[in-house]
Amino acid sequence: MPQVISAVGLTTGHAPFVEEARHRGELYITQAYDLYTEENHEAWRQLYRRIRPRWEQYANEHFLRGIEALDLPSDHIPRLSDINKRLQPLTGFQAKPVSGYVPGFLFFDCLRRREFPTTITIRPVDRMDYLPEPDIFHDVAGHVPMHTEKSFADVLVRFGDCAHTAVEMTALITDEAERTRRLTNIIKAMSRFFWFTVEFGLMRGKRGTVAYGSGLLSSYGELHHAIESPEVQRYPVQLEWLINQVAEIDHYQPILFVVDNFDHLFSLVDKLEKWMREGKLNNVGPGLPDVAESDLRSFMDAA
Ligand SMILES: [Fe+2]
């Protein structure tokens with residue numbers, strides 16, 4: 001019998017369509033666009049209207065061009081199929097709707113195939129400022145415009161290669177405890193790298209330091225804070241620092257790293273993979289992020 005889904009919207013934390021898919025073990029879903037309520041579209045409108053002037057001021061030029069290239073709507077939640085029609089011819093990337101958290105290896109492997117796992121729910125209108133989990137505004141307004149830029153898209157694909165290298169490097173370790181220990185360290189290093197670049201990266205722009213990290217580009221408050229606050233430590237990126245720096249998620253980032261351009265970022269991912277092969281990622285500094293069992297398992301199962 002077909003399942004009846006009540007039209008209560010696709011609000012973060014309250015979206016039966018998504019929760020039911022998750023319970024059925026379905027990671028990849030459809031956007032079910034008709035389930036969005038007027039309140040859901042209103043949340044998008046408010047988020048977009050508020051942050052747009054800050055993008056003009058603090059976002060990198062590739063992002064601003066991406067917004068135009070995708071024709072990102074300001075007054076309603078975009079259909080991913082419309083976004084993909086414009087995105088795919090540019091870099092081959094596509095936004096792929098998911099029901100929730102995508103375990104580490106599967107996430108990076110999606111990037112390698114130029115698919116970006118995309119949340120379809122949107123935050124409630126009374127929680128505009130802080131949401132620990134991603135929503136469609138973070139994923140589509142924060143990440144996806146960056147995927148229109150070839151040099152940045154290539155970085156994400158190269159990162160997916162690194163996940164495969166991690167699997168390859170650890171697959172033949174017969175001592176289970178040692179395999180777990182090494183993988184945990186490698187995943188931690190990769191997560192930190194991703195966090196301080198793709199999520200919270202800064203870069204040199206024609207107008208001074210600008211943001212390319214999606215955690216910044218989707219946050220009205222933090223985007224301004226990251227560029228303007230005298231309390232933020234902003235340093236030229238160094239791989240040795242990225243992989244050992246504790247990454248905390250529950251407050252504005254106190255330390256941010258600046259790349260010259262995306263070719264520079266690409267060269268750092270190359271170096272990350274080289275260091276992985278040399279064993280340098282087997283013992284990174286302790287502390288956050290914790291590596292979830294599902295992340296570890298995803299790398300082990302890929303072997
Ligand atoms: Fe993100």
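Both counts, for ligands and for their atoms, begin at 1 and track the order of listing.
With H143 contributing its side chain and S214 its backbone, the two residues share no donor-acceptor pair below 3.5 Å.
Looking at K150 and H62, their side chains never come closer than 4.5 Å, going by heavy atoms from C-beta outward. The side-chain heavy atoms of I243 and W275, taken from C-beta on, include a pair separated by under 4.5 Å.
When the N, O or S atoms of E199 are ranked by distance to the Fe ion (ligand 1), OE2 comes first. Distances from the Fe ion (ligand 1) to the N/O/S atoms of H143 are shortest for NE2.
Residue D139: no N/O/S atom is found under 2.8 Å from the Fe ion (ligand 1).
Inspection of the R112 and H164 side chains reveals an N or O donor paired with an N or O acceptor under 3.5 Å.
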